[in-house]
A.B. asks: 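Just passing along the structure, written as structure tokens.
Index from 1, following the sequence. As the structure lists them, so they are numbered: ligands from 1, and atoms in each ligand from 1. On a predicted model such as this, the values are computed, not experimentally measured, just so you know.
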Amino acid sequence: MLFERAKKILPGGVNSPVRAFSPYPFFVKHALGSKIFDVDGKAYIDYCNAYGAMLFGHAYPKIMEAVKTQLSNGTLYGAPTEQEVAFAELIKQASPCMEMMRLVNTGTEATMHAIRAARGYTGRKKIIKFEGCFHGSHDNVLVKAGSGAATFGTPNSIGIPEETTKNTIVLPYNNIAAIETVLEQEGNEIAAIIVEPILANVGLILPKTNYLATLRKLTNKYGVVLIFDEIITGFRLALGGAQEYFNIKPDMATLGKILGGGFPVAAFGGKAEIMQTISPVGGVYQAGTFSGNPISAIAGYTTINILKQKKNEIYPQLEKNTYELSKALSDLSKNYKLPTQIYNIASLYQIFFTNQPVTNYADAKFSNIKMFNAYFHELLKQGVFIPPSQFEACFISTSHSSEDISCTIEAFDKALAAASKEV
Ligand SMILES: *Cc1c(COP(=O)(O)O)cnc(C)c1O
């Protein structure tokens, strides 16, 4: 079987741990619009959405056409192009805090270099991150991270020297007092606070009213660079991401996932004076062979351009479908007397199997994983694919039709019935 073959050559049979689930993941043959098809020919309505990257769904024709045109002109030059300049200009229009930016290939690279730039700019060593926030898989931030790190019970990866993470201070999210205490004591040693404006890698957790505004105020006061990691929220909450949705301007932001329309591209950027510290202008080194490559640049440019033109139709429609799914989960949970918390914002939602409101990582950890797994596996059986972990979020794309939504609600009914049989 394919999984057995895969396990011999790829650790766990996968190229990213979040893709593994018990007893074995399905292997994909192809995907189109809202649906993903496995090698056995079974179709799934896809709410994993490549972990939020596919805002338009799979194989979106306009993006495919743009890429095909570029393919015949070459795929990588090692020299700059007009396309990457135009792409960056378009990103800046959507996300004005990014006065200057660098294009990179993955979110991990983006946060790693944003943190380096913030350290270079401030001349300070320490950073603050929050429990359950996931900022990619590099050494500085893989401490109490969400996503796969939460699912597999290794919040602190082995192989990372303590010397590296001792400069990373981890605090609970949604807790202003905790931040104030640290900043009062060592605010002038802290280069940056990096935060997911909403937590979408530990289920879905929303900021308390004024939490983000207070972070903005406190970072200004102590000269700490505020980095919004918008790799999920960018183009998802609004064209301008969480910055636009909550009307807060961070000093730096990172983008990824949706940014490339299904191709690998990410970006980090911010105030010009911070970004001017980057090589060859300044002393902060950052580089990449595939950075700003013409395939990713045209795919990303096309994606953001469509969003810019159609945002007034796209975002309200996504929100409406998401609300419908969340409402159904909430009503059905009551029917089955299940202890659940359901959160949704824009085109993200998640259900937690717990009695208590979930406002941070510690709360999320109370969730009943057996119930979640029963729910997940029944959904899969019914042809609905969600991320295989309680500690992820579900994503709606513009390709989800009203028929997809009603089929999903029927599947929810069966899946919650299955969950209710667990204790
Ligand atoms: C996915 C994600 C990353 C990492 O991006 P990769 O492209 O997987 O390296 C970083 N931060 C957030 C908030 C993410 O959701």
A.B. asks: Ring centres under 6.0 Å, that's the criterion: do Tyr211 and Tyr173 meet it?
C.D. replies: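 Ring-ring flag for Tyr211/Tyr173: true, centres closer than 6.0 Å.
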A.B. asks: N/O of Gly107 under 3.5 Å from N/O of ligand 1, yes or no?
C.D. replies: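 Such a contact does occur with ligand 1.
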A.B. asks: Between Phe21 and Phe385, how do the two ring planes meet: parallel, tilted or perpendicular, split at 30° and 60°?
C.D. replies: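 Aromatic pair Phe21/Phe385 classed tilted.
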A.B. asks: Judging by distance only, is a nitrogen or oxygen of Ile232 under 3.5 angstrom from one on ligand 1?
C.D. replies: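 No, there is no polar N/O contact under 3.5 Å.
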A.B. asks: Could you tell me how the ring of Phe412 sits relative to the ring of Tyr349: parallel (under 30°), tilted (30 to 60°) or perpendicular (over 60°)?
C.D. replies: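 Perpendicular.
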A.B. asks: When you compare ligand 1 with Thr108, is there at least one nitrogen or oxygen pair between them that comes in under 3.5 angstrom?
C.D. replies: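 In this structure, Thr108 places an N or O atom under 3.5 Å from an N or O of ligand 1.
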A.B. asks: Report yes or no: does Tyr51 have a heavy atom closer than 4.0 Å to ligand 1?
C.D. replies: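 Not so, Tyr51 does not reach ligand 1.
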A.B. asks: Please say whether more than 12 non-hydrogen atoms of neighbouring residues, nucleotides or ligands are located less than 6.0 Å from CZ in Phe27.
C.D. replies: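 Yes - once you tally the heavy atoms of other residues, nucleotides and ligands closer than 6.0 Å, there are more than 12.
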A.B. asks: For the side chain of Gln276 and the backbone of Val281, is there at least one donor-acceptor N/O pair under 3.5 Å apart?
C.D. replies: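 It does not hold such a pair.
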A.B. asks: Examine Asn201 against ligand 1 and note whether any of their N/O atoms are separated by less than 3.5 Å.
C.D. replies: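 Min N/O separation from ligand 1 is below 3.5 Å for Asn201.
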A.B. asks: Looking at Lys7 and Glu4, is there a salt bridge between them, counting it only when a charged N and a carboxylate O are closer than 4.0 Å?
C.D. replies: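 Yes, charged N to carboxylate O under 4.0 Å.
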A.B. asks: Which heavy atom of the protein is the closest neighbour of atom 12 (C) of ligand 1, given with residue, atom name and distance?
C.D. replies: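 Heavy-atom neighbour on the protein nearest atom 12 (C) of ligand 1: Phe134 O, 3.2 Å.
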A.B. asks: One residue to check: His135. Relative to ligand 1, which of side chain, backbone, both or neither has a non-hydrogen atom less than 4.0 Å away?
C.D. replies: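 Backbone only; the side chain of His135 stays clear of ligand 1.
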A.B. asks: Please say whether Lys257 places an N or O atom under 3.5 Å from an N or O atom belonging to ligand 1.
C.D. replies: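 It does: an N or O of Lys257 is found under 3.5 Å from an N or O of ligand 1.
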A.B. asks: What protein heavy atom is closest to atom 11 (N) of ligand 1, reported as residue, atom name and distance in Å?
C.D. replies: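 Answer for atom 11 (N) of ligand 1: Asp229 OD2, 2.7 Å.
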A.B. asks: Indicate the atoms forming the closest heavy-atom contact of Lys42 with Leu380, along with that distance.
C.D. replies: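 That closest heavy-atom pairing would be CE-O, 3.4 Å.
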A.B. asks: Is the shortest distance from a Lys or Arg side-chain nitrogen in Glu324 or Lys327 to a carboxylate oxygen in the other one below 4.0 Å?
C.D. replies: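 Salt bridge: no.
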A.B. asks: Is atom 8 (O) of ligand 1 near the protein, in the sense that some protein heavy atom lies at less than 4.0 Å from it?
C.D. replies: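 Looking at atom 8 (O) of ligand 1, one finds that no protein heavy atom lies closer than 4.0 Å.
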A.B. asks: If you count the atoms of ligand 1 from 1 in the order shown, which ones are under 4.0 Å from a heavy atom of Thr106?
C.D. replies: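 Counting atoms of ligand 1 from 1, those under 4.0 Å from Thr106 are 7 (O), 9 (O).
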A.B. asks: Pull out every atom of ligand 1 sitting under 4.0 Å from any heavy atom of Glu196, numbered as shown with elements.
C.D. replies: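 Matching atoms, with element in brackets: 13 (C).
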